Visitor: 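My questions will all concern the structure given below.
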Amino acid sequence: MPELPEVETIRQGLQAHVVGRTIAQAQVLHPRAVRRDPAGPAGFASALAGRTASRAERRGKYLWLTFDDDRALLAHLGMSGQMLVGDPGRPLSPHVRVRFTFLDGGPDLRFTDQRTFGQLMMCSLRGGDLPAPPANGGTARPPCPPGLGRPLPEPIAHIAPDPLEAAFDPAVFTARLTRRRTGVKRALLDQSLISGVGNIYADEALWRARLHWARPTETLRPGEVSRLLEAVRDVLTEALKAGGTSFDAMYVNVNGESGYFDRSLHAYGRAGEPCDRCGTPIRRDPFMNRSSYTCPRCQPRPRHPHP
DNA sequence: CGAAAGACCTGTGCGC
DNA sequence: TGCGCACAGGTCTTTC
């Protein structure tokens with residue numbers, strides 16, 4: 001599943017292979033892929049024809065291409081979304097939802113999404129200081145400006161900063177987290193509190209921080225919160241490092257199910273296998289219509305778990 | 001505002 | 001063989 005590290009890898013791929021090229025045509029092959037775009041499939045397509053992206057940016061699991069008039073193409077990959085760049089003549093797989101061709105006749109871009117939870121939409125950028133134009137039409141600006149208050153797509157104004165961006169404030173996060181009345185894993189998955197973390201990396205971070213998923217947020221001590229935050233940062237950074245080389249060929253397979261981080265997983269999906277720290281079998285619990293994996297010894301259930 | 005449940009999707013693997 | 005069902009799970013919407 002594409003979480004922050006996978007989405008960042010894709011962003012880098014789009015920056016390298018799509019930014020700076022002029023779109024000839026955007027073909028919507030499945031209307032559900034643009035269901036949130038108020039202009040509909042035809043409006044979406046006509047809004048993109050002839051445009052040239054200036055940057056590829058990301059917050060949490062969202063990524064977007066910016067254009068020079070404060071409009072943006074916003075993308076979320078959902079559960080199974082992929083961005084594929086390759087020979088425009090290759091066969092069209094059945095799950096391609098949107099296809100972009102370019103005036104240069106080079107590699108096309110295909111948004112492919114088996115389970116159709118992902119989506120694309122055109123939107124406006126709001127807030128922050130608008131980006132200065134590139135000095136000489138090149139890549140003068142960093143691809144993902146670290147500054148506070150950078151412009152964000154309007155539809156994701158409610159998405160909190162992710163822990164790898166400069167706008168992330170640990171003090172603000174800590175205050176908001178401990179004010180919650182819920183379990184710590186629910187909080188980690190709440191993208192309006194902290195973004196970029198999904199079920200896999202939530203379990204991994206909790207395992208590293210030795211915290212149980214049902215631990216009530218209001219009982220977390222400052223040291224535990226900083227331990228958790230460090231674990232989240234570490235797990236995301238390491239996964240990014242492990243996957244960061246997968247988007248450099250002409251045929252670019254940028255997907256979230258690559259499993260390149262599988263070998264490094266300590267908890268997720270390891271029910272019954274021995275804990276890498278203490279050897280106790282990892283346990284699987286039902287959680288929010290999915291699963292949580294914990295070491296019953298390293299991550300003891302709290303006395304008063306949040307239901 | 002915050003918390004929780006339901007809806008949205010489809011391919012895979014399992015038991016019967 | 002074939003059928004139903006649990007499972008995978010991120011986000012938006014609705015309800016309280």
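Side chains are part of it too, since the values below use all heavy atoms of this structure and drop only hydrogens, waters and symmetry mates. On a predicted model such as this, the values are computed, not experimentally measured, just so you know. Numbers restart at 1 for each chain; the letters A, B, ... are given by sequence-line order, proteins then strands.
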Visitor: Heavy atoms from C-beta onward define the side chain here; which of C/dA8, B/dC9, B/dA4 lies closest to that of A/R186?
Guide: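 Output: B/dA4.
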Visitor: Would the number of heavy atoms belonging to other residues, nucleotides or ligands and lying under 6.0 Å from CG of A/D104 be above 12?
Guide: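 Count over threshold, so yes.
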Visitor: To the nearest Å, give me how far apart CE (A/M288) and P (C/dG10) are.
Guide: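 Taking CE of A/M288 and P of C/dG10, I get 9 Å after rounding.
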Visitor: For B/dG11, does OP1 or OP2 lie under 4.0 Å from any side-chain N or O of A/Q114?
Guide: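 Negative; the distance criterion is not met.
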Visitor: Using whole Å, what does the distance between atom P of nucleotide B/dC1 and atom CZ of A/R181 come to?
Guide: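 Going from A/R181 (CZ) to B/dC1 (P), I get 18 Å.
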Visitor: Assess whether atom CD of A/E224 is packed by more than 12 heavy atoms of other residues, nucleotides or ligands within 6.0 Å.
Guide: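 Correct, the count exceeds 12.
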Visitor: In whole angstroms, how far is the P atom of B/dG2 from the CZ atom of A/R176?
Guide: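 A/R176 atom CZ is separated from B/dG2 atom P by 6 Å.
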Visitor: Would you say B/dT12 has OP1 or OP2 under 4.0 Å from some side-chain N or O of A/R115?
Guide: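 So the side-chain polar atoms of A/R115 never come under 4.0 Å of the phosphate oxygens OP1 or OP2 of B/dT12.
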Visitor: Side-chain N or O of A/H306 versus OP1/OP2 of B/dA4: is the shortest distance under 4.0 Å?
Guide: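 A/H306 to B/dA4 OP1/OP2: side-chain N or O found under 4.0 Å.
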Visitor: Quick check for you: among B/dG11, B/dA3, C/dT11, whose closest atom lies nearest to any side-chain atom of A/Q191?
Guide: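 Out of B/dG11, B/dA3, C/dT11, the nucleotide with an atom closest to A/Q191's side chain is C/dT11.
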Visitor: Just the rounded figure in Å: distance from C1' of B/dC9 to NE2 of A/H30.
Guide: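 Roughly 9 Å, once rounded to whole Å.
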Visitor: Check the distance between B/dA3's C1' and A/K185's NZ and give it to me in whole angstrom.
Guide: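 About 17 Å, once rounded to whole Å.
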Visitor: Of the options B/dA5, C/dT11, C/dA8, whose atoms approach the side-chain atoms of A/Y62 most closely?
Guide: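 Nearest to the side chain of A/Y62 among the choices is C/dT11.
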Visitor: Can you say whether the rings of A/F173 and A/F168 are parallel (under 30°), tilted (30 to 60°) or perpendicular (over 60°)?
Guide: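 The arrangement is tilted - the two ring planes meet at 30° to 60°.
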Visitor: Which residue lies toward the 5' end of DNA chain B, A/S192 or A/N289, if each is placed at its nearest nucleotide?
Guide: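 It is A/S192, whose closest nucleotide lies nearer the 5' terminus.
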Visitor: Using only atom types and a distance under 3.5 Å, with no angle test, would you say the side chain of A/S195 pairs donor to acceptor with the backbone of A/A160?
Guide: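 Present.
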Visitor: Would you classify A/R179 as touching base, sugar-phosphate or nothing, given that sugar-phosphate means primed atoms plus P, OP1 and OP2, and contacts are heavy atoms under 4.0 Å?
Guide: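 If one applies the 4.0 Å heavy-atom cut-off, A/R179 turns out to touch nothing in the nucleic acid.
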Visitor: The test is side chain to side chain donor-acceptor pair (under 3.5 Å); show your working for A/R99 and A/Q27 and say whether it passes.
Guide: CA-CA 5 Å; A/R99 176 175 182 243; A/Q27 304 165 303; 3.1 Å; yes
Visitor: Starting the side chain at C-beta, find the nucleotide from B/dA3, B/dA5, C/dC7 nearest to A/T182.
Guide: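 Of B/dA3, B/dA5, C/dC7, B/dA3 is nearest to the side chain of A/T182.
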Visitor: Find which nucleotide of DNA chain C each of A/M79 and A/H158 is nearest to by heavy atoms, and output the residue with the more 5' nucleotide.
Guide: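 Its nearest nucleotide lies further toward 5', so the answer is A/M79.
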Visitor: Whole Å only: how far is the CD atom of A/E6 from the C1' atom of C/dG10?
Guide: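 It is 13 Å, rounded to the nearest whole Å.
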Visitor: Within the distance-only criterion (no hydrogens, no angle test), does the side chain of A/R290 pair as donor or acceptor with the backbone N or O of A/P286 below 3.5 angstrom?
Guide: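 Such a contact is absent between A/R290 side chain and A/P286 backbone.
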Visitor: Given C/dA8, B/dG11, B/dG2, identify the nucleotide with an atom nearest to the side chain of A/Y293.
Guide: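 Closest nucleotide to the A/Y293 side chain: C/dA8.
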Visitor: Does a side-chain N or O from A/R32 land closer than 4.0 Å to OP1 or OP2 of B/dC9, or not?
Guide: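 Yes.
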Visitor: Please report, rounded to the nearest Å, how far the P atom of B/dC9 is from the CZ atom of A/R97.
Guide: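 Going from A/R97 (CZ) to B/dC9 (P), I get 11 Å.
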Visitor: Under 4.0 Å: is that the gap between some side-chain N or O of A/H76 and OP1 or OP2 of C/dG10?
Guide: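 It does not, given that no N or O in the side chain of A/H76 lies less than 4.0 Å from OP1 or OP2 of C/dG10.
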Visitor: Verify the contact: side-chain N or O of A/S291 to OP1 or OP2 of C/dA8, cut-off strictly under 4.0 Å; return yes or no.
Guide: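 Indeed, a polar side-chain atom of A/S291 lies that close.
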Visitor: Could you state the atom-to-atom distance from CZ of A/F117 to P of B/dA7 in whole Å?
Guide: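 Taking CZ of A/F117 and P of B/dA7, I get 13 Å after rounding.
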Visitor: Can you check whether A/R290 has a side-chain N or O nearer than 4.0 Å to OP1 or OP2 of C/dG10?
Guide: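 Affirmative; the distance criterion is met.
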Visitor: Give A/R284 one of three labels, base, sugar-phosphate or nothing, depending on what nucleic acid heavy atoms sit under 4.0 Å from its own.
Guide: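 Sugar-phosphate contact only - A/R284 comes under 4.0 Å of backbone atoms but never of a base.
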